[in-house]
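One structure is given below, encoded as structure tokens.
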Amino acid sequence: MAEPAKELSRHHWSGLYRASMFDAGAWLARWMPLGILRAMAGWIGLFYATIHPERVAVVRRNLNLLDASLDERTARQVYGEFGKTLADYFYIGTRPPAEALPIIAQVEGEEHLREIHRLGKGALVVTGHFGLFELGGLLLAQSGFRAAALTLPEPSSSLTEWRARFRQRWNVGTIEIGTDRFSFLNIAESLRQGAFVATLVDRPHPSENTPVSWPNGTALFSAGIFLLAAHCEVPVIPATMVRRSDGFYHAQVFPPIFIQERESRAETLRFYSQQIADIFLPVLRAHPEQWYQFVPLSTPPLT
Amino acid sequence: MDSIELDDIRRLLLDNCMLRVSPEEILPTTKLFGPDSLGLDSIDALQLTVGIEKRYGVAIKEPATAREAFHSVDTLHQWLNRQRS
């Protein structure tokens, strides 16, 4: 499915989504005050939205899955907020962890992580493309947990390596998936060794998908990884990281979910995907402008 | 220890993977992944790995091992028998 989505995605990022642009962003972030960097990136995002109304329309349709009343203005804001998020990403990545960490002003539910860690288990930490999800890795590592992020291959290997190096500065590993169908064995090994492995679930996967119902439509989650959590006997822990109006971040860690097999594989994935979507929904509705979904998500409704 | 028969491998595949073929269509030369194969995906691979561990007590921990064992029905058959011998 979603060939048009892939096509749009490719156009969308072809000029910007490459290692040299990330180098430029990191270079700016080294000497520019965060407030100025954020304002500049926010304005660039809004300008981009202004000259690309067709892309804003896609974002609006995605937002309408959550709330039919969200309009074009909110969709344009998504681009402005995404610019600010990139500014924060480069800023914190070019600072020592102790200097970067205070950008997270509020952490709720950290006890869930500590409890699982105390049991000697790892966990699959699932989040979505909202807020600055990469900050979750910093929080995990700085809290003393082994942390790794799952990633699909970036458009170029140089960008994949760039982002892996960036995470490594915070002592967060990277496990690339997608090119090797047996990469789940590497993930299983990390989980068995007690690592918290972070992954994004709110976009379609190139090969396996599970439909979830949002209030105004259906979209796809890449949830196959839940089966791995069940196999490794580790929980799935939903988590979010959104920027508050004062510019600081609010991390929320939700209670762990232990995946139990249901009547079929598809039903197991559907049931737990919906559970995760229902947990995310209030956060997304409170901060729709931070849901960074730039390709069409909607899919035919569940039958 | 009893050796594993081809029918056991067929049953293993049918029990753990989303297949739309009859047991007779699963031949020793049938590949598991890619074109002209059973068309397994990464989730099938995971389920198959779990199924092998549950049924035969053989754990696969390295991607390289999985690539070798899961090439075709025959390679899986032979690999499993080697692990149990």
Side-chain angles (χ1 to χ4, degrees), chain A residues 1 122 124 148 150-153 175-193 195 197 199 201 204-211 220-234 236 259-273, chain B residues 9-23 26 30-80 82-84:
Chain A
M1 69 140 269
L124 193 64
L150 296 190
T151 65
L152 287 169
I175 303 173
E176 191 181 322
I177 54 174
T179 51
D180 181 354
R181 60 174 65 91
F182 302 115
S183 56
F184 68 85
L185 292 167
N186 295 327
I187 307 167
E189 191 58 24
S190 289
L191 289 170
R192 287 198 186 99
Q193 288 175 3
V197 177
T199 187
V201 293
H205 182 274
S207 64
E208 52 79 18
N209 292 297
T210 302
L220 298 172
F221 266 27
S222 49
I225 193 79
F226 295 168
L227 297 175
L228 185 64
H231 170 49
C232 296
E233 298 179 343
V234 301
V236 170
I259 307 289
Q260 307 286 326
E261 282 185 40
R262 297 176 68 83
E263 52 266 38
S264 69
R265 174 167 118 185
E267 174 55 18
T268 303
L269 294 178
R270 191 209 62 73
F271 179 84
Y272 288 105
S273 295
Chain B
I9 300 295
R10 288 179 171 133
R11 182 50 46 205
L12 181 73
L13 287 163
L14 289 165
D15 287 350
N16 290 284
C17 305
M18 304 273 264
L19 296 180
R20 289 195 179 88
V21 296
S22 63
I26 302 175
T30 306
K31 292 197 168 75
L32 304 193
F33 298 95
D36 301 322
S37 72
L38 290 177
L40 305 193
D41 61 18
S42 56
I43 307 291
D44 290 314
L46 165 62
Q47 295 282 92
L48 192 55
T49 305
V50 174
I52 288 170
E53 190 167 346
K54 279 185 182 164
R55 194 168 298 184
Y56 300 113
V58 177
I60 300 175
K61 296 201 167 170
E62 300 287 335
T65 308
R67 270 190 291 276
E68 178 200 334
F70 291 173
H71 177 69
S72 69
V73 173
D74 189 47
T75 57
L76 177 58
H77 185 191
Q78 290 187 27
W79 182 84
L80 263 176
R82 278 202 306 277
Q83 301 308 305
R84 286 163 51 90

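Proteins get letters first, then strands, A, B, ... in listed order; numbering begins at 1 in each. The figures that follow rest on heavy atoms only: side chains count, while hydrogens, waters and symmetry mates do not.
Within a 6.0 Å radius of CD in A:Glu261, other residues, nucleotides and ligands contribute 12 heavy atoms or fewer. By the neighbour-count criterion of 12 heavy atoms within 6.0 Å, atom CZ of B:Arg20 is sparsely surrounded, having that number or fewer from other residues, nucleotides or ligands.
In this structure, the separation between CD1 on B:Ile60 and CZ on A:Phe184 is 7.5 Å, given to the nearest 0.5 Å. Summarising the geometry, atom OG1 belonging to B:Thr49 is positioned 12.0 Å from atom CG belonging to A:Leu227; distances are rounded to the nearest 0.5 Å. The distance from the CG atom of B:Leu46 to the CD1 atom of A:Ile187 is 9.5 Å, given to the nearest 0.5 Å.
For A:Arg265, the side-chain hydrogen bond (donor to acceptor under 3.5 Å, both in side chains) partners are B:Asp44, not counting sequence neighbours. Residues forming a side-chain hydrogen bond (donor to acceptor under 3.5 Å, both in side chains) with B:Ser22 (at least two apart in sequence, or on another chain): B:Glu24, B:Glu25. Taking the side-chain hydrogen bond (donor to acceptor under 3.5 Å, both in side chains) definition, one finds that A:Gln193 meets it with A:Arg146, A:Glu189, sequence neighbours left out.
Using a 4.5 Å cut-off between non-hydrogen atoms, the part of residues 66-74 of chain B that approaches chain A consists of B:Ala66, B:Arg67, B:Phe70.
The shortest heavy-atom contact between B:Ser42 and A:Arg181 is CB-O, 3.7 Å.
Interface check for chain A: of the options B:Ala64, B:Ala45, B:Pro63, the most heavy-atom pairs under 4.5 Å are formed by B:Pro63.
Neither the backbone nor the side chain of B:Thr65 comes within less than 4.5 Å of any heavy atom of chain A.
For the pairing with A:His231, the side-chain contact (heavy atoms from CB on, under 4.5 Å) check across B:Lys54, B:Glu53, B:Gln47 returns one residue only, B:Glu53.
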